[in-house]
Amino acid sequence: MTQLYQQPRINGSIQPNQEPVTDTDMSLNGTTKYHHETEVSGIADPAPANRLSSGVPDAVPETRLSARPTAGEYGNTPERRPFRLPGSGIVQGMMVTARNWFGSYFDRKRLVTVQYPEQQIRPPENSRSIPFLVYDGDDPDAGLRCVACHTCEKECPPQAISIVGERDENGKPARRPKVFDIDISVCMGCQICAEVCPFDAIKMDHYLDHSSLENFQSLILGKTRLSKSNAYFHTINSTDATAVDARLEADRKKKEAARQKRAAAK
Amino acid sequence: MQLEASHINSHATAPPGRLPPAVAIAIAGIVLTGAGALLNLKAPGILLPAAWEALQNPSEAPLLLKGGLLDYLEQGWISSPFFLELASIQITIATLLSLFGILFALTSLVERKVLARIQNRYGPNRVGPCGLFQPIADGIKMLIKEDIVPRGADKTVHLLAPVVMVVPALLVLAILPYGPGLTPVELSVGILFFFALGATTEVAVFMAGWGSNNKYSLLGAMRAIAQMISYELPLILTALAVVMMAGSLSPVAIVEAQGGYSMGFIPDWFALTPWGIAAFILFFIAALAEANRSPFDLPEGESELVAGHLTEYSGFKYATFFLAEYIGLFAICGLAVTLFLGGWHAPLPVLEFIPGYIWFFLKLFALVLAAIWIRGTVPRIRTDHLMYFAWKFMIPAGFVIILAAAAWHYSGAGWLGWIIATPIVLLPYLILARGLSNRYATSGRTYRFSEG
Amino acid sequence: MLTLETIRDRILEAVPDAGVEIISNPGPSGQDSLLVSSGHGLAIALFLRDDPELRFDYCSNVTGVDWLDKTVKEKVIVREDDEDVETQVERVVPGYLEVVYHLYSISKKHGPVVLRLRTADRNEGVELPSLTPVWKSAEFQEREVLDLYGIRFTGHPDPTRLLMWENFEGHPMRKDYCAPDDDEPGDPITARERKEEAS
Amino acid sequence: MIAIPDCSFNTTENRDPAAELLELSLGPQHPSTHGVFRMNAVLDGETVVRLQPVFGYLHRNHEKIAENVSYLASIPYTDRLDYLCSLTNNWAYALSVEKLTGLDVPERAEYIRIILAELTRLQNHTAFLGFLLGDMGAWGTALMYGFRQREKVLDLFESLTGSRMMSNYMRFGGCRCDFPEGWLEQARTVIDEYPEFLDEMEQLLVSNEILISRTQGVGAISPERAINAGLSGPILRATGVDYDIRKVDRYGIYDRFSFRIPIGDQGDTYDRMMMRLLEMRESLKILKAAIDEIPDGPIVNPKAKLRNLRPPEGEAYGRIESPKGELGFYLISDKQPQPYRFRVRPPSLINLTLLEEMSIGHKIADVMVILGSIDIVLGEVDR
């Protein structure tokens with residue numbers, strides 16, 4: 001037995017005596033698997049009367065198909081008018097397009113395209129593309145804030161970062177990265193590395209033009225290509241850069257004070 | 001932070017001027033042609049006066065120029081009258097082809113620009129000034145593309161389809177009256193010729209669909225056949241009313257019947273009569289369907305059939321189809337101008353100093369713009385609705401229009417005609433529209449809201 | 001909304017010899033679940049859907065969980081030479097696959113009730129009744145579970161893989177699934193690439 | 001009045017049994033299948049007699065990846081589920097982890113979440129209208145209007161979260177960062193301008209005869225069937241079922257806002273489109289109120305851990321009303337840094353359950369419109 005609701009509605013009306021299509025009346029040699037009936041013997045759907053109550057709460061009055069729109073409820077819903085000239089809706093739509101057509105010559109709002117690359121919109125400060133390493137001062141090697149603590153490497157979701165820490169002549173870790181590679185074919189620019197970095201050493205760049213003619217090596221950015229000065233960081237995101245500077249300065253002062261205290265204690 | 005004009009850094013004031021190779025080629029061509037003409041010393045003596053005369057008398061200009069050219073050929077090159085006749089035909093053909101070729105290029109650009117403007121974009125503006133050389137770039141791109149014929153395709157049919165498509169589209173251009181005395185072939189049964197040849201397009205589309213050996217193509221071709229045959233009937237019916245009124249199947253006679261102004265300023269175009277306006281609207285809708293223009297572009301309905309009968313075409317063959325479709329659109333819009341919009345006649349008596357052929361092309365272009373505008377607005381209609389619309393609305397309405405035209409004629413084509421013919425058109429329209437609206441449109445809905 | 005205990009009692013009332021057990025959830029979410037014996041899964045699901053007070057007409061989420069075999073170390077007192085000796089014994093708790101259904105009621109606006117069905121083991125006895133006949137929403141999700149966990153649903157109208165291709169071997173979401181290493185010499189993909197490189 | 005008989009041959013009854021059927025594969029590369037979705041359709045002429053969706057072309061086993069990375073590292077991956085609505089995905093996941101760990105969210109963060117979720121709903125529905133019209137062959141006009149407007153919302157997203165689509169913004173117990181200066185004012189402008197756009201869209205769409213004839217009565221489903229098949233979101237409500245998780249679960253602080261849930265009439269494509277249009281107006285109400293009322297305060301729970309989160313043993317199922325429907329995350333924790341089980345309840349996939357039933361008996365062109373009206377994103381369907 002087929003329940004009424006299981007049949008596909010055709011053109012909006014339920015056709016009561018129409019059996020749904022089943023595998024048997026198709027002359028295909030079973031290439032397309034098809035199932036329409038979901039009945040299993042012994043399981044029947046609850047009575048239609050019961051089902052109709054579901055979902056349509058009593059609190060909302062049943063108004064389908066008969067009620068006229070209540071005024072002011074929703075101004076632009078097309079009313080159930082007895083007759084409207086066919087074509088009037090299309091004409092209305094054509095007025096809209098005409099407004100945009102001619103409006104685009106006068107109104108900046110109707111012509112929002114920017115002529116890239118001659119015109120470029122400055123991305124907002126928070127905007128991000130891929131990470132870069134911040135260094136203080138002028139020397140990218142000496143001023144690098146990164147201490148090769150591997151936090152970002154561990155937290156990077158697609159594992160795009162690989163770090164090898166440098167060791168001094170005694171074989172002790174030198175708190176500096178020897179290798180800091182980001183595979184930008186893997187990096188998804190999620191900024192989790194910048195978020196978890198305890199030293200504010202890695203930040204998100206605005207730079208977007210990564211295209212190159214070379215397929216593989218140019219996709220792995222090394223330490224030299226990733227290092228950018230703090231001044232650059234100020235140009236792309238001065239709010240964050242200033243905050244970071246203040247934070248680092250406070251840290252430095254605290255450490256200085258602690259060192260002096262220790263020296264005084266000695 | 002927000003997109004403001006002040007935040008847009010203008011690195012350069014305008015796109016940098018680049019001289020595309022196409023420009024260089026064009027300039028070289030002009031220089032070489034000029035030099036070649038000058039080598040024959042007789043040329044300036046004959047051609048320049050003709051050109052001067054043409055400038056002084058712009059409405060006769062095409063004929064004068066052609067006469068001058070023929071004179072030049074007669075004196076310098078050809079003596080046999082047979083070949084002279086042939087040359088005369090060749091000149092006409094070459095003019096028409098280049099004219100419509102330019103119009104095709106221009107329209108393909110204008111279409112993209114207008115669609116872009118409708119959609120709040122710029123459209124092509126990189127190739128040449130204002131993107132004017134975009135059609136050339138497109139053409140070069142099309143020509144150098146690989147021509148792919150699918151394995152299992154009927155190769156002959158696949159190859160012939162674009163040819164069969166483009167030839168009738170070009171042939172029908174011959175009977176259109178572009179201006180007074182500017183009809184390439186003055187056929188007394190021009191309208192009949194137009195529809196007879198126009199019907200050939202269906203064969204071409206079906207050849208493309210069948211020959212491609214692709215399911216999408218086949219479905220597209222099936223749609224095309226059904227659509228074109230259905231819409232040819234209202235097209236012919238509405239044209240029939242005009243033929244009845246003009247009493248002739250000759251396009252020139254039809255245009256001449258629309259000359260003159262009533263009350264001194266209202267042109268006597270058929271589109272400005274109660275039956276004519278209805279016939280014109282029906283004709284234009286059917287013309288859109290015949291030319292496969294949106295919203296009747298079902299044969300290549302890209303949302304379901306990828307590109308319909310064009311799916312398996314690339315390169316030059318595709319370009320040919322493209323050309324044929326545009327030429328077909330021009331031809332049918334040209335016929336609409338001839339039948340309803342007074343052909344070469346100016347809309348106002350004071351504007352008659354402008355040559356007729358300019359009026360013709362202006363009207364033609366206006367219709368093409370309207371088609372583009374419609375394309376920018378409406379979604380595609382569905383197959384069964386399309387057939388329903390043709391057979392249950394357009395064809396009965398076409399018959400009614402014939403009746404109304406007769407009533408208009410016998411009531412003297414004046415105010416009495418308006419009183420009698422208007423209800424004859426309007427009442428059946430309302431009844432038919434009611435049938436349409438009951439079936440499809442205008443059933444507004446109310447929505448309930450739950451406050452939760 | 002009834003408590004889970006009452007729901008269990010009502011199920012036992014309606015489907016007398018069904019095995020229903022409440023699995024408590026130690027976490028803060030407090031979403032306890034009902035473990036249902038697979039033999040009565042269909043009947044219980046039908047009851048939950050159709051009972052006028054429960055009316056769980058909306059099956060929101062269907063998913064599989066893979067619980068691996070666990071080795072549990074236990075202290076066992078063994079009588080050895082008339083003496084109680086405490087020794088550590090390793091015992092293997094067999095793993096199983098689980099299907100979890102999250103049920104809501106749209107007409108009563110309550111939920112969720114979490115229904116669990118467990119397979120006998122992870123290898124052969126991975127058959128469970130399909131609840132698609134009760135809730136059609138389970139159709140694709142059960143196919144996904146079948147695909148990714150390898151649970152066979154009896155009574156499913158179309159028991160085929162959903163996401164992986166037809167000839168794919170293995171069930172990727174199982175905890176012990178090892179993805180084929182592309183760099184392995186025997187791997188067909190690598191072999192093909194090498195061949196292409198050589199030619 | 002002239003009675004005009006029904007001349008369509010939509011019913012399968014009228015089919016000539018001897019007629020040959022045509023099997024047509026739509027997708028995975030096809031102009032309008034919304035990504036790499038594929039349908040195997042069997043056609044009788046142009047009428048669909050069978051339709052089988054084929055999945056998996058974009059399957060990347062998001063769930064498996066998530067079971068191997070930390071809780072935090074899954075957030076950027078959730079962005080890529082339904083890539084039009086990454087912020088609601090973030091929220092659903094954050095909500096589930098908060099349920100799993102018992103974390104509270106500060107008030108300001110709740111307001112931020114609601115503002116962003118409703119903006120996401122706005123931009124998703126805006127894009128939806130464009131895509132739907134594109135599927136109907138409207139040459140991208142509505143799409144471009146929609147994108148023009150959506151861009152403004154995306155600008156807001158970019159200036160706050162750093163990315164236009166892949167936001168990676170919400171965190172367990174709060175949000176990642178506070179609004180930059182002037183953000184709320186800009187948001188207010190965008191919201192104030194939105195009704196104008198909606199009016200224009202409605203003029204363009206709602207009474208267009210071709211659109212009405214293409215959508216009304218196409219792909220209608222009954223409310224009972226919709227519930228049984230697990231449909232959710234605007235599609236479910238279009239059938240006349242009053243069920244919105246924002247109202248039912250009252251997650252976040254939705255109970256503080258007064259908004260209405262539009263409920264459909266016939267459950268067909270037109271209603272599905274209208275649901276979105278009407279929902280946008282309601283979203284605007286929420287947004288206005290939320291922006292006016294947003295309090296100051298912390299944006300993240302100080303107890304929340306960013307790294308090395310090890311939720312207590314247990315499981316949780318959290319769900320929200322995403323623009324596409326019910327988006328749920330089911331998590332099982334075994335006190336490890338990675339979830340033991342990570343499950344996405346994808347509304348896009350489950351909403352496709354009835355695609356075949358909706359399509360049978362309609363024309364092939366309708367299938368595209370029906371698919372468009374379901375509003376799927378393949379990133380979520382295949383995960």
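Quick note on labels: first sequence line is chain A, next is B, and so on, each numbered from 1.
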For this session: Take B/Y326 and B/E111, measure what side chain to side chain donor-acceptor pair (under 3.5 Å) needs, and give me the verdict at the end.
Result: CA-CA 11 Å; B/Y326 271 97; B/E111 168 144 35; 2.2 Å; yes

Exercise. So which of A/G93, A/G103, A/S104 has the biggest tally of heavy-atom pairs under 4.5 Å with chain B?
Worked result: A/S104

Exercise. Counting N and O atoms only, with roles assigned by atom type, does the side chain of A/D200 sit under 3.5 Å from a partner on the main chain of A/V244, one being a donor and the other an acceptor?
Worked result: no

Exercise. Has the side chain of A/R128 got a donor or acceptor atom that lies under 3.5 Å from a matching backbone atom of A/M204?
Worked result: no

Exercise. What residue, out of A/K109, A/R110, A/M94, A/E125, has the most heavy-atom pairs lying under 4.5 Å from chain B?
Worked result: A/M94

Exercise. Checking A/Y105 against chain B: side chain, backbone, both or neither under 4.5 Å from a heavy atom?
Worked result: both

Exercise. What about B/F340 and B/F284, are their ring centers closer than 6.0 Å?
Worked result: no

Problem set entry | Per-residue contact mode, B/I374 against chain A (heavy atom under 4.5 angstrom) | both

